[in-house]
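One structure is given here, and the rest of the page talks about it.
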There are 2 protein chains.
Amino acid sequence: MDLLIPLDPQSEKPMYEQIYAYICGEIRSGGLAAGERLPSTRALAEHLKISRSTTQMAYDQLLAEGYVETRPYRGVYVAKIEGMVEAGPRIREEMETSEEESAVSCRIDFSPRGIDLKSFPYNTWRKLSRNTLVDDNREMFHSGNHQGEPGLREAIRGYLHSARGVECSADQIIVGAGSEYLLMLLSQILRADSAGTARRMQGAGKSADGLTPLDADIRIAMENPTYRQAYLVLRSLGHPVSPIEMDQSGMRPELLAASGARIAYVMPSHQFPTGAVMSVGRRRELLNWASEREGRYLIEDDYDSEFRYKGKPIPALQGMDRQGRVIYLGTFSKCIAPAIRVSYMVLPPELLRVYRAEAGFYASTVSRIDQNILYQFLAGGYFERHLNRMRAIYKAKHDMLLAAIRPLEERFVIHGENAGIHILLTERCGRTEEELIRQAAAAGVRVYGLSSYDIRATGEEKALATSLPGACGEEPTAERKPVRPATMVLGYASLDEGQIREGAELLTSCWCGCDLVRELSENRTNCA
Amino acid sequence: MDLLIPLDPQSEKPMYEQIYAYICGEIRSGGLAAGERLPSTRALAEHLKISRSTTQMAYDQLLAEGYVETRPYRGVYVAKIEGMVEAGPRIREEMETSEEESAVSCRIDFSPRGIDLKSFPYNTWRKLSRNTLVDDNREMFHSGNHQGEPGLREAIRGYLHSARGVECSADQIIVGAGSEYLLMLLSQILRADSAGTARRMQGAGKSADGLTPLDADIRIAMENPTYRQAYLVLRSLGHPVSPIEMDQSGMRPELLAASGARIAYVMPSHQFPTGAVMSVGRRRELLNWASEREGRYLIEDDYDSEFRYKGKPIPALQGMDRQGRVIYLGTFSKCIAPAIRVSYMVLPPELLRVYRAEAGFYASTVSRIDQNILYQFLAGGYFERHLNRMRAIYKAKHDMLLAAIRPLEERFVIHGENAGIHILLTERCGRTEEELIRQAAAAGVRVYGLSSYDIRATGEEKALATSLPGACGEEPTAERKPVRPATMVLGYASLDEGQIREGAELLTSCWCGCDLVRELSENRTNCA
């Protein structure tokens with residue numbers, strides 16, 4: 001018996017899950033009846049032209065969940081399922097709809113979150129993984145250094161020094177399972193630091209600057225719009241957040257000063273999502289602001305600085321810091337793969353001291369085995385080669401997208417195009433983001449509005465504010481909601497050249513088509 | 001040139017790090033001079049009878065840190081090092097001393113934290129790891145489900161159901177990078193839940209029970225003595241902690257009721273470190289306490305329930321819970337390996353709802369690749385086989401230790417011996433824990449005192465209390481410091497049979513030796 005399973009190699013869903021889901025669906029719908037024999041894993045693998053381990057994993061899962069059963073020497077058969085039918089699938093579906101981007105049905109998705117994994121050096125990773133799992137590395141399975149393996153931290157230090165101009169010792173680096181975890185840890189460090197500062201000030205008979213251990217709700221200023229995930233994490237940790245508007249040099253210092261924030265979270269080298277680069281003068285102003293008062297820090301999120309296509313590299317803000325006021329955050333999610341979950345944080349000496357005293361007992365959240373694979377990837381020069389290759393690939397996609405959307409230039413200003421893996425299109429004809437997104441969706445293309453990264457108070461946010469302990473409502477020091485022209489964010493990393501071309505053509509015809517232009521010129525006056 | 005590198009296969013430090021550290025030390029001390037040629041990785045591997053990838057890793061690290069350099073077609077040479085000599089090693093030493101147990105120099109270490117990794121199925125793990133990294137599983141490198149991969153959660157659910165009597169759907173399970181991370185996440189969920197409860201009560205015109213979003217410092221009761229790491233995490237998250245004394249049935253309910261705690265953290269199946277099992281009656285009392293008021297929960301830490309040698313298995317408290325009041329915590333650190341950093345938490349429905357609404361945006365902290373390896377390990381039946389093997393190995397070690405320390409019975413009561421991977425010895429002759437530890441150390445044996453797990457207020461702790469925002473000083477509702485007889489905690493998991501026998505002999509002669517007994521009977525009256 002042959003199963004004609006439709007497989008989509010482009011899907012976010014692993015191949016084995018697609019097979020699992022298909023067979024599971026067939027069993028539930030009655031397409032495969034109890035007692036029916038399934039093809040062997042080998043036969044199915046040959047039939048579908050995939051590896052046998054993939055079919056084996058799908059069958060393992062079906063077996064584990066009781067959909068099929070093995071009969072010794074005879075094969076795999078569809079099981080008789082009674083009570084379990086309801087529970088299994090229900091849970092499964094719920095989980096799938098909770099996956100962020102699964103519900104979208106569109107031909108082309110310009111998601112700014114995608115990355116290109118086709119060119120990942122799987123063979124190298126496999127080889128390094130094998131090297132790590134050799135028998136005499138048994139100790140690798142014991143728990144390791146709390147800050148992360150020393151070799152890995154040294155390799156990260158070397159990379160940050162040469163590629164990003166970051167000045168630190170491996171000692172200041174903490175490796176963690178993703179930036180969200182590191183922000184959780186950092187929040188605890190900042191609170192302990194704040195409590196310590198308050199004690200010292202009280203001890204010295206000075207004004208405690210309003211800081212006591214009990215009202216140490218450390219307010220954090222963020223560029224607006226910004227990386228929403230970091231915003232959600234900081235809010236969820238109980239920090240009040242002040243959205244600060246930017247001008248062309250970056251976060252506006254007078255608004256920062258007025259916000260009452262103690263910490264400013266910035267992305268100086270390539271702001272997300274606007275793509276802006278913070279000027280050297282503005283960097284100095286922010287460093288001065290941080291040095292003015294004890295307990296002030298800048299969090300520098302350098303999430304995708306690896307990819308810059310024009311002009312000279314923009315070094316990290318951290319390298320300009322002489323007062324120990326910058327906390328540097330970096331990640332391997334963008335430049336290697338999101339699934340490996342490795343990020344790192346460089347603490348300035350004062351916070352390193354607080355970390356060791358108050359939070360040094362936390363064991364590292366990254367598997368020691370994975371740290372070792374990554375260490376070999378960095379130390380063996382593979383990372384550098386991989387970055388060079390990805391830079392060339394993204395540059396080619398970027399150039400192709402810019403060429404393909406040239407016809408859109410009459411209606412849009414194109415910007416944010418020198419770095420990263422997305423560009424921005426700002427509408428000149430007065431259409432709203434909702435209209436543009438709707439028109440694109442009708443043409444089968446998914447695009448993202450800049451306003452979805454706006455963190456100024458909205459209904460949703462007020463609800464969040466009151467539901468979180470210690471998170472007071474927002475009192476944005478920025479002007480109330482300046483009207484921003486509609487801007488689309490187009491990520492291209494996960495699309496291939498054909499998809500980029502097709503997507504750009506579809507957008508051109510739906511956003512600049514003749515009917516539309518006529519309609520626009522009839523209804524609007526402010527169209528360029 | 002041959003390097004005579006002394007390697008210790010029993011060390012916690014990986015082989016490659018030992019090689020690295022030796023060569024690094026030789027270079028710094030001048031034993032290896034600049035320009036000297038090192039043996040090839042192949043020659044060194046043959047010489048030391050280890051795999052070449054291990055020597056390669058050591059050399060990679062030396063290379064990455066600039067201690068050695070490669071000369072094309074000629075080999076690896078000791079580099080000329082100037083400024084770097086100081087920085088490199090200094091940082092390295094600092095990091096090593098921050099490793100918890102590195103400073104100990106003793107023949108036998110009865111650490112309760114050790115586990116046996118000699119019998120780990122490395123081949124299986126390697127094979128599963130290879131299966132996961134095949135080319136058509138590329139999607140595995142994309143980010144995955146926030147709660148953890150559905151297949152893995154389903155496999156965990158199946159295991160918990162059959163082995164532990166836990167009643168849940170895979171939907172209620174959250175996979176995270178270690179129990180400490182899960183406690184961080186849980187703390188946020190509990191705070192959001194508490195804020196929600198306060199809002200609902202205010203809305204209903206009821207007394208808010210003193211809870212407002214701003215004073216939602218959720219007090220947590222813990223058994224005393226307890227697992228120190230969890231205590232440190234909860235304190236560091238700003239929770240006031242009430243240490244609650246136990247009687248032979250478990251945490252004393254009248255002390256819990258008087259503590260003002262909202263949450264009780266318990267280890268009903270095998271309390272750490274006392275080894276006590278909570279009685280069924282006490283379990284019911286605690287469940288009743290939790291059901292009495294909205295917002296009360298029990299955290300059940302079921303950290304090593306896999307290992308029980310006598311009597312019937314003790315099912316999890318969670319299985320008795322009909323009101324959704326138990327949060328179940330489990331880990332693979334003890335039963336697979338600490339380095340893989342995978343734990344899980346089962347949320348009751350009410351908290352699952354809060355999690356989804358307030359913290360569902362957090363991406364999983366465990367690499368999707370690792371989750372898949374683990375999934376295959378569980379679903380393929382390897383985990384069960386591994387557990388059976390480990391249970392037999394630990395039982396053999398346990399029996400051998402009990403037989404070997406029989407001579408100690410005249411001076412000690414031996415208990416906590418039916419489960420887990422450590423036993424307890426309570427002194428009958430009035431010596432203090434410090435004396436016993438000192439005597440053992442003089443004989444080259446490291447043992448641990450029960451009082452090091454005591455969390456009642458100490459000087460250290462008061463300092464911690466004032467340094468943390470929101471963590472008020474302890475006001476233990478337990479009686480002040482009841483004097484507990486000196487008790488030693490002896491872990492045996494990481495020792496082999498020879499070490500167990502030798503350690504027991506050394507302890508017998510140093511704790512029950514003739515001179516000592518004479519001295520004791522002269523100086524003390526309360527000796528049995």
Side-chain angles (χ1 to χ4, degrees), chain A residues 12 14-15 50-51 53-54 60-61 64-65 91 94-95 99 117 120 122 126 129 131 133-143 145 150-151 154-155 169-171 177-178 180-181 184 188 191-192 195 213 216 232 236 337-341 359 361-363 365 367-370 379 467 469, chain B residues 12 14-15 50-51 53-54 60-61 64-65 91 94-95 99 117 122 126 129 131 133-143 145 150-151 154-155 169-171 177-178 180-181 184 188 191-192 195 213 216 232 236 337-341 359 361-363 365 367-370 379-380 467 469:
Chain A
E12 289 256 322
M15 216 71 107
I50 55 176
S51 87
S53 64
T54 301
D60 283 349
Q61 188 154 344
E65 299 183 10
I91 291 161
E94 261 183 52
M95 288 185 303
E99 293 237 294
L117 283 175
F120 185 79
Y122 294 95
R126 251 198 308 277
S129 169
N131 286 353
L133 290 171
V134 292
D135 262 350
D136 49 18
N137 269 325
R138 182 169 296 170
E139 293 72 18
M140 202 56 68
F141 283 80
H142 280 291
S143 46
N145 188 293
E154 182 56 34
S169 70
D171 222 21
E180 299 164 14
Y181 167 75
M184 281 184 175
Q188 288 188 51
R191 289 201 156 109
L232 289 172
S236 161
I340 67 164
R341 303 302 292 149
F361 61 85
Y362 282 107
T365 41
S367 148
R368 191 168 176 185
I369 302 154
D370 293 349
S467 77
Chain B
E12 289 254 323
M15 216 70 108
I50 55 178
S51 87
S53 65
T54 302
D60 282 349
Q61 188 154 344
E65 299 182 9
I91 291 160
E94 261 183 52
M95 288 184 303
E99 295 236 296
L117 283 175
Y122 294 95
R126 251 199 308 279
S129 169
N131 286 354
L133 290 171
V134 293
D135 263 349
D136 49 18
N137 269 326
R138 183 170 295 169
E139 293 73 19
M140 202 57 70
F141 284 81
H142 280 291
S143 45
N145 188 294
E154 182 56 34
S169 70
D171 224 20
E180 300 164 12
Y181 167 75
M184 282 184 174
Q188 287 187 51
R191 289 201 156 111
L232 290 173
S236 161
I340 67 163
R341 306 299 293 147
F361 61 85
Y362 281 107
T365 41
S367 148
R368 191 168 175 184
I369 302 155
D370 294 348
S467 77

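Proteins get letters first, then strands, A, B, ... in listed order; numbering begins at 1 in each.
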**Asked** What distance do Ile369(B) atom CD1 and Ser129(A) atom OG have between them, rounded to the nearest 0.5 Å?
**Response** 8.5 Å
**Fill in**
Output for pair (Phe361(B) CZ, Glu180(A) CD), nearest 0.5 Å, gives 7.0 Å
**Request:** Answer with side chain, backbone, both or neither: which region of Thr365(A) has an atom nearer than 4.5 Å to a non-hydrogen atom of chain B?
**Result:** both
**Asked** Do Arg341(A) and Arg368(B) have side chains that get closer than 4.5 Å, going by heavy atoms?
**Response** no
**Asked** Do Phe141(B) and Tyr122(A) make the cut of ring centroids closer than 6.0 angstrom?
**Response** yes
**Prompt:** Nearest heavy-atom pair of Asp370(B) and Ser367(A): which atoms, and what distance?
**Reply:** OD2-CB, 3.8 Å
